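Every heavy atom of this structure was used, including side-chain atoms; hydrogens, water molecules and symmetry mates were not. The structure displayed is predicted, hence computed values, not measured ones.
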Amino acid sequence: MGQPFTGRAALLSPFDRLIHDRRRTTELFGFDYRLEMYKPPAKRRWGYFALPILYGDRLVGKLDATADRGNGVLRVDAIHRDEPFDRTVSAEVGREIEDLARRLELELVLPGQP
């Protein structure tokens, strides 16, 4: 108690209350986001079920990943950066993605890996 807020990286659900009101999220955070699962694949910008990426008090990007349970993998298809990631942000977001794979009990497959 009494310590300043330092924040951390977090992957949010597309249904998280922070981004639920898309217009408010755009106005407050300048964060453009839409759940694209109902769009045809050719019209998607960020992916079928992209997860917003929170870093500290900023929404900094979206994670496009696919949980392929049949093959036992969490495949990262893309990380869409709304602002440049420095080494610290990249490392913390990477740890969150690794933690997600661990929680889902899936092997992590990053872009460029078979």
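Not counting sequence neighbours, the partners of D82 by the side-chain hydrogen bond (donor to acceptor under 3.5 Å, both in side chains) test are K62. Qualifying side-chain hydrogen bond (donor to acceptor under 3.5 Å, both in side chains) partners for T66, counting only residues two or more places apart in sequence or in other chains: D77. Shown here are the side-chain hydrogen bond (donor to acceptor under 3.5 Å, both in side chains) partners of N71, two or more places apart in sequence or in another chain: D68.
Here side-chain hydrogen bond (donor to acceptor under 3.5 Å, both in side chains) pairs that include residues 30-50, with residues two or more places apart or in two chains, are D32-R45.
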Checking side chain to side chain contact (heavy atoms under 4.5 Å, CB included) for the pair L106/R69: CA distance, chi angles, key distance, verdict?
CA-CA 7 Å; L106 298 172; R69 294 198 177 276; 4.1 Å; yes
Report, one line per pair, each donor and acceptor closer than 3.5 Å where one atom sits in a side chain of residues 93-103; sequence neighbours left out.
from : atom 1 : to   : atom 2 : distance (Å)
E96  : OE2    : R8   : NH1    : 3.1
D99  : OD2    : R103 : NE     : 3.1

Donor-acceptor pairs under 3.5 Å, side chain of residues 10-18 to any protein atom, not counting sequence neighbours: which ones?
from : atom 1 : to  : atom 2 : distance (Å)
S13  : OG     : F15 : N      : 3.0
D16  : OD1    : L18 : N      : 2.8
R17  : NH1    : H20 : NE2    : 3.3

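In this structure, the separation between CD on E105 and CG on L74 is 13.0 Å, given to the nearest 0.5 Å. Atom-to-atom distance recorded for F49:CZ and L35:CG is 6.0 Å, nearest 0.5 angstrom.
Inter-residue side-chain proximity for V73 and L108 is flagged as unmet; no heavy-atom pair is nearer than 4.5 Å. A heavy-atom distance below 4.5 Å is found between the side chains of I79 and F85. Using a 4.5 Å cut-off on side-chain heavy atoms (C-beta onward), E92 and Y55 make contact. Residues H80 and D64 are in side-chain contact: their nearest non-hydrogen atoms beyond the backbone lie under 4.5 Å apart.
Counting non-hydrogen atoms of neighbouring residues, nucleotides and ligands closer than 6.0 angstrom, the CD atom of E83 exceeds 12 such neighbours.
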